[in-house]
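These values consider heavy atoms only, across backbone and side chains, with no hydrogens, waters or symmetry-generated copies.
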Amino acid sequence: MHEVSKIRNLAIIAHIDHGKTTLIDSIFRAAKVFRENAHVEERVMDSNELERERGITIRSKHCTVEWKGYLINLVDTPGHADFSGEVERVLSTVDSVLLLVDANEGPMPQTRYVLKHALEMGLKPLVFINKADRPNADPDDTLDKTFDLFVELGASDEQTDFPVIYGSGLQGWAVNDLGSDPREGMEALFQMIIDHVPAPKAELEAPFLMQVTTLAWNEYTGRIGCGKILQGTLEKGQDFLRTSVRWLNPEKQDGNWEISGQVMERPSQIWVTRGLDRVELEKVYAGDIVWIAGPKDINIGDTFSDPQLEGRTLPPLSIEEPTVSMFFLVNNGPFSGQEGQAITLRQLKARIEREMQVNVALHMEDLGRPDGVKVSGRGELHLAILIEEMRREGMEFCVSKPEVITELLDGKLYEPMEEVTIDIPEEFQGVVFEKLSRRRGRMVNILNLNTGLLRLEFRIPTRGLIGYRGEFLTDTRGLGIMSSCFNGYGPWAGEINARNRGSMISMETGEATGYQLENLQQRGTLFISPMDRVYEGMIVGEHSRPGDMVCNPTKKKQTTNHRASTKDLGIKLDVPRTMTLEKALEWIETDELVEVTPESVRIRKAILNDGERKKAGSRYQYV
């Protein structure tokens, strides 16, 4: 047991790629969490395989370090906008936040989003100017912009008087003064946390009380609830009252709520975090961030309390509403079951329901269709991560084009909007302006960074960004940086014509031949290579013109006794465009699907037969 006065609960928040997880690596090394000869992976907090591959944090994670008798509970939060709901809930378990800002980029959209929530909750942030050792870093200017952001977001005088520290999470040093302090060790950071993060406001002698803010799932114990004990103590086997609450208006979550159920429960297991590991304890105390297993139907916002506090119920936590939806469908293609497990509708529903046990921002809607369900999430990446996890589990299925979720308010149609920040070399500003204006983007601000780069800020409908990221990288030759953040709902901006080219559709099933692909590449951009298997209705490339083109990529060169004059000429093929899952989801139209298997990502028409497609219409809506 640690004294409450010796506990510090802190969340690390920042924009994506500003170095949260890397900083925690340096904190672990400085606090000597691992023995000196231990092999430690880079970005050790990114335990998920997908997190390591993509270099992003998908789910918030807890860890603990000890320093000079103090117990510091750290929460690593996601930086990507699609997972921002995790950050909102985690903030209720901590007593302060460490705001990381890149000394080169300065405050970015997600910095504003997470800082706004921290300030609204009354937390007093600490500021870490990271990557101060970079050649183009300007820590003083970054600090000025961060202060301006605090003022702009309505921070109080106490909040704007934030402590600041400079350092490099990658190199593992932090200093109070860049000019005079030696750049070694993290002592200055630890001291700032001890001095400026308040101890939890907790009473050990009061009856037990806590609220669930995060969920985990275990095949053996079911749901596991995580939260900070606000007061009292809890022992293994001690009865407590679980009170569930709900919003009267779930869409607005306007502060009006009611109790939906009360059940007496008993914890079967209780854990706390020490280092990276969960350690099971018999008893936990006020101020601790704990994991509790036992109750079957734990939900976000549930209140766990001593029975004598029956009238004490904490208000529900806001759960972010989904903004993008798509259909998850059973794979009915000719190659179904050949590269993975061909799942039924029942298995598809069961897998998504299991994901919903911990991913509360995910919604599933059964529309009574025999072939699939509608799944909604916070954004394209949110759903793409789920699809990638399912295919790595060996499943085969199809998904439709992402569509935004609109709202009807006072007879007017509203749609989700995004705040987009773009850093590009000056010579590419024309093409970016042109493309975003076509997609109903409205420029909010333009800033010359005096490094040959321009920073453009746009407000654009979410559907305007679907399919644009790939174009953006091509238009800027890979030199542009684009980030976006959900910015509420706005009036419907009008029609957006994103893709102006048709598809090249196979009319036969078999193996593609180099002979025919050489002819087809003159009509567009291919997605396949020689000897790739194709089937009727599968899309093999992008047509150079707006209309779809039906073709036969399996056609072989006729063999005769006559010698052709072109006999000795070799086949010359361009490198095909590799369609990853994200690229495919961005590229497809409403009458097309992405077929996902453990080995392949294929694009196909929703209706495979050409004759049936013509009967259904030129642009069959798969809804």
Q.
Which residues pass the ring-ring contact (aromatic ring centres under 6.0 Å, His included) test with Phe335, not counting sequence neighbours?
A. Tyr535
Q: Over all heavy atoms of both residues, which pair between Pro322 and Ile405 is shortest? Give the atoms and the distance, please.
A: O-CD1, 3.7 Å
(Q) side-chain contact (heavy atoms from CB on, under 4.5 Å), that's the test. Do Lys349 and Asp366 meet it? Break it down for me. (A) CA-CA 9 Å; Lys349 286 182 181 178; Asp366 190 351; 2.5 Å; yes
Q) So, the side chain of Arg223 versus the backbone of Val358: is there a donor-acceptor pair under 3.5 Å, distance only? A) no
Q: Taking all non-hydrogen atoms of both residues into account, name the closest pair between Asp371 and Leu345 and its distance.
A: C-CD1, 4.1 Å
Q: Answer yes or no: are there more than 12 heavy-atom neighbours, outside Arg545 itself, under 6.0 Å from its atom CZ?
A: no
**Q.** side-chain contact (heavy atoms from CB on, under 4.5 Å) against Thr474, all qualifying residues, sequence neighbours excluded
**A.** none
Q | Separation between SG of Cys398 and CE of Met326, rounded to the nearest 0.5 Å | A | 12.5 Å
**Q.** Val404 to Pro416 - nearest heavy-atom pair and separation
**A.** CB-CG, 3.9 Å
**Q.** Considering all heavy atoms, the nearest Gly480-Ile424 contact
**A.** CA-CG2, 4.0 Å
Q: Kindly indicate, with the supporting measurements, whether the criterion side-chain contact (heavy atoms from CB on, under 4.5 Å) is fulfilled by Met482 and Val420.
A: CA-CA 7 Å; Met482 180 172 72; Val420 182; 3.7 Å; yes
**Q.** Side chain to side chain, Met395 and Leu348, heavy atoms closer than 4.5 Å
**A.** no
**Q.** Pair Glu592 + Lys605: basic N to acidic O under 4.0 Å
**A.** yes
**Q.** Close side-chain approach of Met538 to Ile528, heavy-atom, < 4.5 Å
**A.** yes
(Q) Please determine whether a side-chain nitrogen of the Lys or Arg among Glu415 and Arg463 lies less than 4.0 Å from a carboxylate oxygen of the Asp or Glu. (A) yes
Q: With side-chain contact (heavy atoms from CB on, under 4.5 Å) as the test, would you mind laying out the steps for His543 and Thr525 before giving the verdict?
A: CA-CA 7 Å; His543 193 202; Thr525 304; over 6 Å; no
Q: Report yes or no: do Gln516 and Asn552 form a side-chain donor-acceptor pair below 3.5 Å?
A: no
Q | Glu471/Arg439 under salt bridge (charged side-chain N to carboxylate O under 4.0 Å, His left out): CA gap, chis, key distance, verdict | A | CA-CA 12 Å; Glu471 277 187 46; Arg439 293 169 174 268; 3.1 Å; yes
Q. Is there a side-chain contact between Asn500 and Pro546, using heavy atoms and a 4.5 Å cut-off?
A. no
Q: Quick one: pull up CE in Met531 and CG in Leu517 and give me the separation to the nearest 0.5 Å.
A: 11.0 Å
Q) Out of curiosity, Lys583 NZ to Ile588 CD1, how far, rounded to the nearest 0.5 Å? A) 15.5 Å
Q. Salt-bridged, Arg351 to Glu393, with N to O below 4.0 Å?
A. yes
Q. Shortest non-hydrogen contact from Cys63 to Ile24?
A. SG-CG2, 4.2 Å
Q. Salt bridge between Arg459 and Glu418, side-chain N to carboxylate O under 4.0 Å?
A. no
(Q) List the residues meeting side-chain hydrogen bond (donor to acceptor under 3.5 Å, both in side chains) with Lys556, not counting sequence neighbours, and say none if there are none. (A) none
Q: Would you please say whether a donor-acceptor pair under 3.5 Å links the side chains of Asp76 and His62?
A: no
Q: Nearest 0.5 Å please: distance from the CG atom of Asn332 over to the CG atom of Leu608.
A: 6.5 Å
(Q) Can you pull out every ring pair (Phe, Tyr, Trp, His ring centres under 6.0 Å) where at least one residue sits in residues 418-446? Sequence neighbours excluded, please. (A) Phe433-Phe458
Q | Side-chain heavy atoms of Asn359 within contact of His382, under 4.5 Å | A | yes
Q. Side chain of Gln429, backbone of Leu454: donor and acceptor closer than 3.5 Å?
A. no
(Q) Determine whether a donor-acceptor pair (N or O, by modelled atom type, separation under 3.5 Å) exists between the side chain of Thr323 and the backbone of Arg378. (A) yes
Q. Can you tell if the side chain of Val399 reaches within under 4.5 Å of the side chain of Leu585, non-hydrogen atoms only?
A. yes
Q) Does the side chain of Val601 come within less than 4.5 Å of Arg391's, by heavy atoms? A) yes
Q: May I ask you to decide if Lys572's main-chain N or O and Gln521's side chain share a donor-acceptor pair within less than 3.5 Å?
A: yes
Q) Given side chains that start at C-beta, do those of Asp610 and Ile505 come closer than 4.5 Å, heavy atoms only? A) no
(Q) Holding to side-chain hydrogen bond (donor to acceptor under 3.5 Å, both in side chains), I want the full list of residues that pass it with Ser529, two or more places apart in sequence or in another chain. (A) none
Q. Would you say Lys555 has more than 12 foreign heavy atoms packed within less than 6.0 Å of its NZ?
A. no
Q. Distance only, no hydrogens: is a donor on one side chain within 3.5 Å (strictly under) of an acceptor on the other, for Ser503 and Glu542?
A. no
Q: Establish, for the pair Arg438 and Tyr468, whether the NZ or CZ atom is under 6.0 angstrom from the six-membered ring centre and no further than 45 degrees off its axis.
A: no
Q) What do you reckon, is CZ of Arg134 surrounded by more than 12 foreign heavy atoms closer than 6.0 Å? A) no
Q: Using a cut-off of 6.0 Å, state whether more than 12 heavy atoms not belonging to Arg533 lie near its atom CZ.
A: yes
Q | Any side-chain donor near an acceptor of the partner, Glu339 and Ser600, under 3.5 Å | A | yes
Q | side-chain hydrogen bond (donor to acceptor under 3.5 Å, both in side chains) partners of Thr344, counting only residues at least two apart | A | Gln347
Q: Measure the shortest side-chain to side-chain distance between Val375 and Phe327 over non-hydrogen atoms and say whether it is less than 4.5 angstrom.
A: no
